[in-house]
Q: 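Pasting a structure below so you can have a look.
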Amino acid sequence: MSDSGTVIESVLQERRKFPPPEKFAAAAHIKSFDEYKKLYAEAAKDPEAFWATIAEKELTWFRKWDRVLEWDVPFAKWFVGGTLNVSYNCLDRHLDGWRRNKAALIWEGEPGDRRTLTYHELHREVCRAANVLKALGVKKGDRVGLYMPLVPELAIAMLACTRIGATHSIVFGGFSAEAVRDRMNDAQAKLVITADGGYRRGGTVALKDAVDQAMTECPSVEHVLVVKRTGQDVRWTEGRDRWWHDEVAKVDSKCEAEPVDSEHPLFILYTSGTTGRPKGVVHTTGGYLTHVTYSSKLVFDLKDTDTYWCTADIGWVTGHSYVVYGPLANGATSVMYEGAPNTPQPDRFWEIVARYGVTILYTAPTLIRTVIKWGAQWPEKHDLSSLRLLGTVGEPINPEAWMWYHGKIGGERCPIVDTWWQTETGGIMISPLPGATPTKPGSGTLPLPGIFPDVVDREGNSVGPNQGGLLVVRKPWPGMLRTIYGDPDRYVKQYWSELPGNYFTGDGARRDEDGYYWVMGRIDDVVNVSGHRLGTMEVESALVAHRSVAEAAVVDRPDELKGQALAAFVTLEGGYQASEDLKKELRDHVAKEIGAFAKPDDIRFTDALPKTRSGKIMRRLLRDIAAGRDSAGDTTTLEDYTVLARLRESEE
Ligand code: PRX
């Protein structure tokens with residue numbers, strides 16, 4: 001919890017409103033605001049019946065459920081007794097008709113190599129990979145770790161796991177060997193799939209190297225399966241390591257999809273929490289797939305004629321839900337691009353949009369702000385007229401960036417869906433429906449039918465229009481996380497004990513006079529840097545693990561490009577001197593412990609941190625200092641006033 005008294009202050013007031021373009025609305029799945037409101041009301045009247053209708057209509061079940069929901073607060077089971085298979089829903093059921101030869105994945109590597117996989121081809125590759133998993137001893141219920149570049153084999157590996165009922169746990173390729181080790185050990189993974197390396201910003205990232213380091217302390221892992229991507233040299237542990245291409249050549253391309261229980265764990269994805277240890281968020285099968293299939297269809301207005309591109313890395317939840325599972329369950333064409341947006345030039349994204357005729361583009365506000373900085377001349381070089389819908393996710397979008405996206409990328413004709421959700425929610429919770437909801441720049445607008453959020457005070461009472469409060473969800477929903485892997489107590493404590501019976505998001509928000517939601521950011525000690533959630537505690541633990549550091553406090557400060565940047569206040573052990581070299585060493589140390597994206601932007605050395613008399617670090621004061629603001633807030637609980645003055649002087 002933050003140490004500030006009020007939950008969050010609301011300052012943003014935005015009055016512009018954009019109705020859905022008529023032509024768009026006429027052809028959309030949900031065609032008017034009235035239709036949305038009707039659907040919302042219907043879902044509110046009987047949420048279980050509403051979700052059951054969707055699950056039945058959108059998915060193929062091997063066995064229908066006996067009960068829609070078992071709600072033993074806060075533990076939910078959806079579609080109890082039902083069985084299905086995710087890869088069957090994403091692949092097999094599209095093979096009977098014309099979609100068989102439709103592009104499922106259109107992939108482009110950073111060096112410019114390209115690959116398209118039709119549904120038929122993707123199915124064949126997934127079956128082969130599933131047979132390889134079986135041959136290597138992976139069984140239903142086992143965990144498989146994936147630490148890979150954004151290549152088709154990553155999607156293939158995910159779907160292969162689901163085909164045999166193995167639970168995957170993907171670690172984003174930007175994480176370090178230490179992070180891989182901790183996650184694989186927590187999940188007790190039996191197999192790890194990686195690549196020799198991946199391409200990023202014209203260079204290569206040595207993924208196999210990091211896995212080798214991690215594996216010295218991962219006793220549960222029996223085999224490492226390696227995709228050849230860059231051709232760089234790798235070390236080889238005979239017996240343990242296997243090349244992907246050798247293994248798939250040995251097996252046949254038939255593999256029946258294993259029916260699994262609706263509540264069978266589909267994946268574990270680690271995310272930051274308020275304590276140092278990342279949490280393994282567990283998502284299960286039937287409810288999750290229902291939520292992502294339904295939300296992909298309604299929010300992106302997905303049609304068979306679309307070429308849909310979500311630019312997220314599959315290592316984050318956005319890639320799980322909206323590069324792979326949601327689009328493929330809908331039989332859509334999903335574009336994947338391996339590399340950086342400015343390699344070789346700052347127009348790479350726009351070149352890709354024009355080359356494939358992308359119709360729907362889903363990206364992050366931080367990318368939009370970066371593109372704005374690079375200049376409108378880059379998108380202007382390309383024909384973006386194929387685009388019909390734009391989306392954003394990951395953090396609040398500032399209205400200026402929204403307007404630029406609308407004008408320069410969307411040619412003022414494309415609706416923008418600003419989608420609010422989290423790793424834990426599994427799928428989109430609050431978002432405009434593009435043919436129905438009038439949008440306001442900076443607002444996620446309204447909840448999807450079947451989702452029941454609220455903005456409340458610390459006692460759980462709903463607050464009035466334009467008052468800031470805590471964003472909670474009042475009722476269970478199918479895509480919700482089920483637990484924290486191996487730690488149900490932490491699940492209860494983290495999400496359900498702040499306001500019992502309500503899911504606590506950790507975000508602050510307000511609702512305006514139209515009921516529109518404006519998410520204002522985190523209110524706990526978790527920050528969002530470039531759309532990636534980071535626990536400040538994780539960075540602090542990494543810093544304190546360095547021999548020179550006695551104590552560290554990490555806070556966020558506003559940053560024009562990243563939205564938020566990280567500022568670290570560090571006190572040194574005796575015998576160490578503050579220096580530029582040490583700053584660099586500490587930043588590199590964090591990169592080694594967590595990953596380069598977690599490096600603090602500023603490091604300030606100080607001889608003391610501001611604390612309350614009970615010893616709690618007063619982060620609010622540090623935030624003010626990091627942002628260069630005067631501390632207006634209450635400092636009466638500060639133990640040593642002189643600390644503040646000294647901190648202000650601490651060189652940045
Ligand atoms: O603070 C919210 C912010 O990102 C957090 C979730 O981060 P993560 O689990 O990494 O998932 C990111 C992708 C779903 C939220 O608690 N956030 C996400 N989307 C938005 C947002 N804040 C404002 N507006 C959004 N559209």
Side-chain angles (χ1 to χ4, degrees), residues 2 8 10 12 14 170 172 174-175 267 269-274 278-281 283 288 291-292 295-296 299 310-323 325-326 362-368 390-399 401-402 405 416-432 439-448 451 453 455 470-473 479-481 484 494-495 503-510 516-536 538 556 562-564 595 597-598:
S2 117
I8 194 149
S10 154
L12 195 69
E14 170 64 49
I170 306 185
F172 168 58
F175 276 111
F267 65 84
L269 183 58
Y270 286 83
T271 190
S272 298
T274 47
K279 306 171 292 203
V281 168
H283 282 290
Y288 170 82
H291 186 171
V292 299
S295 52
S296 296
V299 173
C310 164
T311 68
D313 193 288
I314 292 178
W316 306 109
V317 73
T318 308
H320 285 60
S321 300
Y322 298 111
V323 177
Y325 293 126
Y362 188 34
T363 194
T366 180
L367 186 278
I368 298 164
L390 303 175
T392 70
V393 60
E395 56 181 311
I397 180 166
N398 42 313
W402 195 102
Y405 195 33
I416 297 179
V417 287
D418 173 352
T419 64
W420 178 89
W421 59 295
Q422 309 178 294
T423 304
E424 293 87 342
T425 69
I428 295 168
M429 303 289 276
I430 299 176
S431 168
T439 54
K440 300 184 190 183
S443 169
T445 74
L446 297 163
L448 300 197
I451 304 294
V455 181
L470 308 171
L471 180 62
V472 298
V473 187
M480 65 189 272
L481 81 163
I484 299 294
Q494 177 90 36
Y495 303 108
Y503 169 78
F504 176 62
T505 66
D507 281 352
R510 72 177 164 93
Y516 276 37
Y517 285 78
W518 298 77
V519 174
M520 297 182 289
R522 306 290 308 178
I523 49 136
D524 51 17
D525 293 332
V526 173
V527 297
N528 189 318
V529 178
S530 299
H532 299 149
R533 196 146 44 120
L534 273 176
T536 49
E538 283 170 75
D556 55 313
K562 299 205 229 176
Q564 293 181 331
F597 64 92

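In listed order, ligands and their atoms are each counted from 1.
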Q: Ring centres of Phe175 and Tyr270 under 6.0 Å apart?
A: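 Ring centres of Tyr270 and Phe175 not closer than 6.0 Å.
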
Q: Note down each nitrogen or oxygen pair, ligand 1 side and protein side, whose separation is under 3.5 Å; give only atom names and the distance to 0.1 Å.
A:
| residue | atom | partner | partner atom | Å |
| --- | --- | --- | --- | --- |
| ligand 1 | 1 (O) | Asp507 | OD1 | 2.8 |
| ligand 1 | 1 (O) | Asp507 | OD2 | 3.1 |
| ligand 1 | 4 (O) | Gly394 | O | 3.2 |
| ligand 1 | 4 (O) | Asn528 | ND2 | 3.1 |
| ligand 1 | 7 (O) | Arg533 | NE | 3.1 |
| ligand 1 | 9 (O) | Thr423 | N | 2.8 |
| ligand 1 | 9 (O) | Thr423 | OG1 | 2.6 |
| ligand 1 | 9 (O) | Arg533 | NE | 3.2 |
| ligand 1 | 9 (O) | Arg533 | NH2 | 2.6 |
| ligand 1 | 16 (O) | Gln422 | NE2 | 2.9 |
| ligand 1 | 16 (O) | Asp507 | OD1 | 3.1 |
| ligand 1 | 16 (O) | Asp507 | OD2 | 2.8 |
| ligand 1 | 16 (O) | Arg522 | NH1 | 2.9 |
| ligand 1 | 17 (N) | Gly394 | O | 3.3 |
| ligand 1 | 19 (N) | Gly394 | N | 3.1 |
| ligand 1 | 22 (N) | Pro396 | N | 3.4 |
| ligand 1 | 24 (N) | Glu395 | O | 3.4 |
| ligand 1 | 26 (N) | Asp418 | OD1 | 2.7 |
| ligand 1 | 26 (N) | Thr419 | O | 2.7 |

Q: Could you list the residues that satisfy salt bridge (charged side-chain N to carboxylate O under 4.0 Å, His left out) with Lys440, not counting sequence neighbours?
A: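 Partners of Lys440 by the salt bridge (charged side-chain N to carboxylate O under 4.0 Å, His left out) criterion, ordered by chain and then number, come out as Asp512, Asp514.
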
Q: What I want to check is whether the side chains of Thr419 and Tyr362 have a donor and an acceptor closer together than 3.5 Å.
A: yes

Q: Looking at residues at least two apart in the chain, or sitting in another chain, which of them share a salt bridge (charged side-chain N to carboxylate O under 4.0 Å, His left out) with Asp556?
A: Arg623

Q: Decide if the gap between the ring center of Phe267 and the ring center of His320 is smaller than 6.0 angstrom.
A: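 Centroid distance Phe267-His320: below 6.0 Å, so yes.
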
Q: If you look only at distance, which donor and acceptor atoms sit under 3.5 Å apart when one is on a side chain in residues 310-318 and the other is two or more places apart or in another chain?
A:
| residue | atom | partner | partner atom | Å |
| --- | --- | --- | --- | --- |
| Thr311 | OG1 | Thr363 | OG1 | 2.8 |
| Asp313 | OD1 | Gly315 | N | 2.7 |
| Trp316 | NE1 | His532 | NE2 | 3.1 |

